[in-house]
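Atoms within each ligand, like the ligands themselves, are counted from 1 in listed order.
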Amino acid sequence: MELIARTLRGLEWVSAAEIERRFPDARRIRMGNREVTFEYDGPAAALLRLQTVDDLFVVISRIDDVGATKGAVARLAQRVRGLDWDEALHRLSAARTAPDEFFFDVVASIEGDHRYSRFDVENAVGEQVAPLWGATHLARTAEGLSSSERPDVTVRLFVKQGAAVVAVRLSAAPLHRRPYKHDTAPGTLHPPAAAALVAIAGMRAETRAFDPFCGDGTIAIEAGLQHPGIAFHASDLDPARVENTRRNAARAGVEIDTGIEDAARIPWDRRGPGAVVITNPPWNNAVRAAGGVSDSLDVVWRSARPALRGGRLCVLADAKLDIPTRLAHLGYRRGFSTRIRLAGRVTSLILTGVQGDDRPELPHDLGEWRRRAIDARVVGPEGL
Ligand SMILES: C[S@@+](CC[C@H](N)C(=O)[O-])C[C@H]1O[C@@H](n2cnc3c(N)ncnc32)[C@H](O)[C@@H]1O
């Protein structure tokens, strides 16, 4: 079957590498803007454990010459009605079971000139598919779903350059919505971004990893899911966030050592050498930098240096903080940096080591996929 994995903008290559590594039988892995398409006929349930992917869809069909006028909507809905909707449910059943009586919604994205709204398309398609499935269509307006029911199945239409790809979400909810992430507070990290950071940091089973700004524990938990049994110490100044980390980790079945600590006062000399620090520090947007870092994060990067000898530092932060320049001033050697789009903001992702050590490199497969993404102009050498 053909699948579309929706990804973060700028990290398409990380998801392509994850798909290839986890599914060696996957074929025709190709990257596009915010997506990776591939073919795969193996056990589908395992696909739901992809960590760097935002959302995953099974392609049902392609429809050409959709048209841009108001009248095009009814014609498109008629053509969608002619597709094999029993087969669509059958494909889902390889990964999970939908209840006998179920609710579904339709989500459309439309690129290019058109004289109709996404809601026109969604509601016209929903009306056509509902009787074929014997299911209840949950109509959508600009305010969201018009019912308090949650959809069991989502039909997805990608309309681009006059053609529509009709697909069905493989999971019930988007993959980025992790069941473990129940206890959260503002500024918490998008789990696929945390998983990408862990992949880029290149951890091994024996790695001792730290996140001194752990918030609700997303990075530590994604690391534990990627590398079961890894030693991870997650700390934060805010006791409520540390408690969130503990609860989320217990739900995820991941063991994490936690502490309430000011990142400016961590006894790094007892935590290295060879430490891997993976973190997303406060950006003074959703969460303010507090305690010993309220003026600058430099104190953390400076004091952590001895522990990072032979290790690496991987940071995700708003581009306006200009962390790459700060780290270069403080004796770090940049291995890799890129810019991605996260929650609508341009964000820097940096992998560094301390000066005097070998330059840290991307894991081999990630480096290969990044080169391909640059060659295919999916990303630029600096990311976005
Ligand atoms: C961007 S959030 C981290 C979000 C986290 N990655 C998650 O997934 O939830 C930044 C965190 O830094 C913490 N923080 C602010 N000042 C701190 C300090 N001096 N020491 C340690 N943590 C601090 C905040 O409490 C907040 O949880």
Side-chain angles (χ1 to χ4, degrees), residues 8 11 51-52 54 176-201 203 209-226 232-252 254 256-268 271 275-304 307 313-323 326 340-350:
L8 282 163
L11 290 180
Q51 285 180 262
T52 64
D54 266 0
H176 67 78
R177 207 172 293 154
R178 305 285 207 256
Y180 73 74
K181 232 180 143 175
H182 189 68
D183 292 284
T184 58
T188 196
L189 188 59
H190 189 63
L197 210 57
V198 171
I200 285 169
M203 300 171 68
F210 300 89
D211 179 356
F213 300 103
C214 72
D216 309 319
T218 323
I219 294 173
I221 295 169
E222 293 295 323
L225 294 171
Q226 235 172 84
F232 207 117
H233 180 82
S235 54
D236 199 285
L237 184 63
D238 181 347
R241 302 297 293 258
V242 176
E243 185 54 29
N244 286 353
T245 292
R246 289 195 191 114
R247 288 172 191 255
N248 290 332
R251 223 174 276 116
V254 168
I256 297 171
D257 178 38
T258 56
I260 301 165
E261 289 164 327
D262 186 328
R265 297 190 180 84
I266 289 178
W268 286 110
R271 297 190 176 175
V276 173
V277 173
I278 317 180
T279 195
N280 91 290
W283 304 357
N284 284 337
N285 291 328
V287 187
R288 294 210 68 77
V293 303
S294 39
D295 289 336
S296 161
L297 294 166
D298 284 5
V299 56
V300 180
W301 315 137
R302 203 179 285 117
S303 59
L313 168 65
C314 195
V315 184
L316 185 74
D318 196 295
K320 75 168 193 236
L321 292 182
D322 200 13
I323 303 247
R326 294 307 314 147
I340 65 168
R341 190 166 293 282
L342 193 60
R345 303 183 73 91
V346 179
T347 304
S348 293
L349 195 164
I350 309 124

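- For E261 and R265, the salt-bridge test fails: no basic side-chain N is under 4.0 Å from an acidic carboxylate O.
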N/O pairs closer than 3.5 Å, ligand 1 and protein:
residue, atom, partner, partner atom, Å
ligand 1, 6 (N), N280, OD1, 2.5
ligand 1, 8 (O), T188, OG1, 3.3
ligand 1, 8 (O), L189, N, 3.0
ligand 1, 8 (O), T218, OG1, 2.5
ligand 1, 9 (O), T188, OG1, 2.7
ligand 1, 9 (O), D216, N, 2.8
ligand 1, 9 (O), R241, NH2, 3.4
ligand 1, 16 (N), A290, N, 3.0
ligand 1, 19 (N), D262, OD1, 3.0
ligand 1, 19 (N), A290, O, 2.8
ligand 1, 20 (N), A263, N, 2.8
ligand 1, 22 (N), L237, N, 3.2
ligand 1, 25 (O), D236, OD1, 2.7
ligand 1, 27 (O), D236, OD2, 2.7

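- Ion pairing between D298 and R326 holds under the 4.0 Å rule for side-chain N and carboxylate O.
- Here the straight-line distance linking atom OH of Y180 with atom CG of D216 works out to 9.5 Å at 0.5 Å rounding.
- In this structure, E222 contributes its side chain and Q51 its backbone to no donor-acceptor pair below 3.5 Å.
- Between I278 and M203 there is a side-chain heavy-atom pair separated by less than 4.5 Å.
- The ring-ring contact (aromatic ring centres under 6.0 Å, His included) check on H176 picks up H190, with sequence neighbours excluded.
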